[in-house]
Amino acid sequence: MSMNRRQLLAATGALIAAPHVARADARPRVVIIGGGAGGATAAKYIAKDSGGKIDVTLIEPSRTFVTCFHSNLYLGGFKDMKAITHSYEALKNHGVKVIHSRVAMIDRENKRVELDDSSHQAYDRLIVAPGIDLKYDSVPGWGQAFEEVMPHAWKAGKQTEILRAKLDAVPDGGTIVMIAPPNPYRCPPGPYERVSMMAYRLQQAGKKKARIVIIDPKESFSKQGLFQEGWEKHYPGMVEWLGPKIHDGLKSVDPKTGTVVTGFETYTNAALVNVIPAQMAGKIARDAKLVNETGYCPIKPETMQSAIDPLIYVIGDAAIAGDMPKSAFAANSQAKVAAMMIRGELIGARTFPARYANTCWSLISPNNTVKVGGSYGPKDGRIASVETFVSKVGETDAQRKEQQDENTGWYAGITADMFQ
Ligand SMILES: Cc1cc2nc3c(=O)[nH]c(=O)nc-3n(C[C@H](O)[C@H](O)[C@H](O)COP(=O)(O)OP(=O)(O)OC[C@H]3O[C@@H](n4cnc5c(N)ncnc54)[C@H](O)[C@@H]3O)c2cc1C
């Protein structure tokens with residue numbers, strides 16, 4: 001009687017003793033958690049550049065991805081929801097297997113992840129790219145139960161639509177209060193670009209008596225001089241920024257009445273309160289104990305490898321990336337370094353010293369965009385700036401328009417780089 005391969009392995013005990021070895025596909029396996037700016041890029045580049053030699057599985061619960069980047073442009077009316085929504089379909093052409101599910105647990109000891117449906121995916125290398133979670137308890141009186149009444153819109157999609165609907169309902173003379181987040185958080189200039197877009201949309205609707213008050217826990221913020229110059233010039237009297245020395249601390253918010261209490265003043269009946277709370281690495285990274293006391297994941301700057309588990313790479317907002325901000329540009333750049341290093345480890349592909357880049361553009365008013373960015377590299381155990389640049393106050397209209405053209409081109413380029 002002839003035995004097939006499976007019967008033979010079972011008879012010799014090999015199937016029971018070494019279940020992971022007995023698989024038809026002997027390619028090394030990379031599993032990626034999270035199909036955002038970091039994860040989607042990493043999945044694509046590992047699959048594409050390994051020419052099919054690595055088995056790549058991307059696990060992401062959503063069927064489409066709505067980018068936070070340019071969601072402020074949706075708020076201002078410069079883009080529609082379709083323009084910031086992307087499909088994972090084309091990634092399959094590179095050989096990426098996409099599983100629409102949530103990873104419930106990382107089993108580091110057995111090198112596998114468990115999905116919501118209790119199935120497992122084994123890995124030789126794991127990329128963790130879950131982005132951020134919001135600290136719902138960081139703003140007294142607010143919490144997840146109130147995120148539709150006082151939206152954060154710091155994860156894009158439904159929240160972004162709620163924020164715009166509420167913005168459009170603000171009456172002339174109404175007050176918007178934005179609670180800005182403490183460092184470190186996703187997209188340092190994001191809250192202030194958002195304020196610009198809110199002011200623009202109010203102005204377009206003829207509501208020039210509406211005002212936006214920013215309660216900020218920080219002494220200063222990204223591109224501050226540039227934003228404040230823009231607000232004074234384009235939205236006079238509409239935007240008021242209050243740092244901690246002025247507002248003397250945020251005491252509480254009351255979602256039922258739209259009240260915001262600071263040490264300095266109480267705002268009653270705010271027409272819209274946009275709470276952007278403190279942030280931390282996504283739950284899956286925290287549960288797997290890949291974070292340190294900061295709530296984010298320490299990494300090796302030469303590779304983006306977790307400093308805690310060498311078989312795991314952490315990229316994007318969840319990682320502690322030194323001088324790099326938490327941005328889509330940064331996540332995409334880190335993903336390419338991780339993808340290269342993993343190909344080097346698993347199939348002996350050639351690797352080069354890590355180099356990272358970032359630019360963040362912010363639209364202040366139509367065709368008036370400012371930028372900040374730099375290049376980065378490993379230094380003294382962290383990712384450090386090599387060179388930086390930032391727009392200047394008083395730039396010409398032509399320069400600002402050129403920067404908006406760059407911004408538009410960047411969005412088209414990075415989303416194609418992630419998803420096509
Ligand atoms: C208003 C705003 C404006 C911004 N503008 C810009 C900009 O102009 N330029 C710029 O570069 N950046 C910008 N950003 C920042 C940018 O969106 C983020 O830095 C970037 O998306 C981070 O990428 P990531 O891959 O780390 O996380 P994300 O893009 O958030 O992706 C994480 C993914 O992981 C998935 N996930 C989480 N947990 C699990 C799990 N357990 N199992 C499976 N999947 C999971 C999530 O569903 C999500 O799709 C902006 C952000 C905001 C909020």
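Both counts, for ligands and for their atoms, begin at 1 and track the order of listing. Bear in mind that the values here come from a model prediction, so they are computed numbers and not experimental data.
Considering both main-chain and side-chain atoms, A37 comes within under 3.5 Å of ligand 1 through a nitrogen or oxygen pair. Annotation: I132 places no N or O atom under 3.5 Å from an N or O atom of ligand 1; distance criterion only. The distance criterion of under 3.5 Å between nitrogen or oxygen atoms is not met by C360 with respect to ligand 1. Residue contacts with ligand 1: E60 is placed with a nitrogen or oxygen under 3.5 Å of a nitrogen or oxygen of the ligand (distance criterion only). Considering backbone and side-chain N/O of P61, none are found under 3.5 Å from N/O of ligand 1.
With ligand atoms numbered from 1 in the order given, ligand 1 contributes 40 (C), 42 (N), 43 (C) to contacts under 4.0 Å with heavy atoms of I33. Short contacts between ligand 1 and K326, defined as distances under 4.0 Å to a heavy atom of the residue, involve ligand atoms 19 (O). The ligand atoms of ligand 1 that sit less than 4.0 angstrom from a heavy atom of I59 are 43 (C), 44 (N). With ligand atoms numbered from 1 in the order given, ligand 1 contributes 9 (N), 10 (C), 11 (O) to contacts under 4.0 Å with heavy atoms of W410. Close approach to D317 involves these atoms of ligand 1, each under 4.0 Å from a residue heavy atom: 18 (C), 19 (O), 20 (C), 22 (C), 26 (O). If you number the atoms of ligand 1 from 1 as listed, the ones under 4.0 Å from a heavy atom of G316 come out as 26 (O).
Summarising the geometry, atom CG belonging to D80 is positioned 8.0 Å from atom OG1 belonging to T85; distances are rounded to the nearest 0.5 Å. How far SG of C360 is from CZ of F329: 8.5 Å, rounded to the nearest 0.5 Å.
Looking at R194 against ligand 1, only its side chain comes within 4.0 Å, counting heavy atoms. Contacts with ligand 1 closer than 4.0 Å are made by side-chain heavy atoms of A331 only, the backbone lying farther away. Within the 4.0 Å heavy-atom criterion, the part of N72 lying near ligand 1 is the side chain and not the backbone. At a heavy-atom distance under 4.0 Å, no atom of Y74 approaches ligand 1.
Remark: distances from the non-hydrogen atoms of P130 to ligand 1 include one below 4.0 Å. At a 4.0 Å cut-off, at least one heavy atom of S71 sits close enough to ligand 1 to count as contact.
For the pair K326 and Y296, the cation sits on the ring face: its NZ or CZ lies under 6.0 Å from the ring centre, inside 45° of the axis.
For the salt bridge (charged side-chain N to carboxylate O under 4.0 Å, His left out) test with D309, the passing option among R125, K300, K289, R108 is R108; the others fail. Residue W361 is tested with Y411, W410, F389 for a ring-ring contact (aromatic ring centres under 6.0 Å, His included); the sole match is W410.
At the top of the distance list for atom 17 (O) of ligand 1, counting protein heavy atoms only, stands C68 CB, 3.2 Å.
The main-chain N or O of K392 is found under 3.5 Å from a side-chain atom of E395 such that the two form a donor-acceptor pair. A donor-acceptor pair is defined here as one N or O able to donate and one able to accept, closer than 3.5 Å; no such pair exists between the side chain of H94 and the backbone of V96. Formation of a donor-acceptor pair under 3.5 Å by the K209 side chain with backbone atoms of G174 is not found in this model.
Heavy atoms from other residues, nucleotides or ligands lying under 6.0 Å from NZ of K53 number 12 at most.
Using a 4.0 Å cut-off between charged side-chain N and carboxylate O, K111 and D107 make no salt bridge.
Between H247 and F264, the distance separating the two ring centers is not shorter than 6.0 angstrom.
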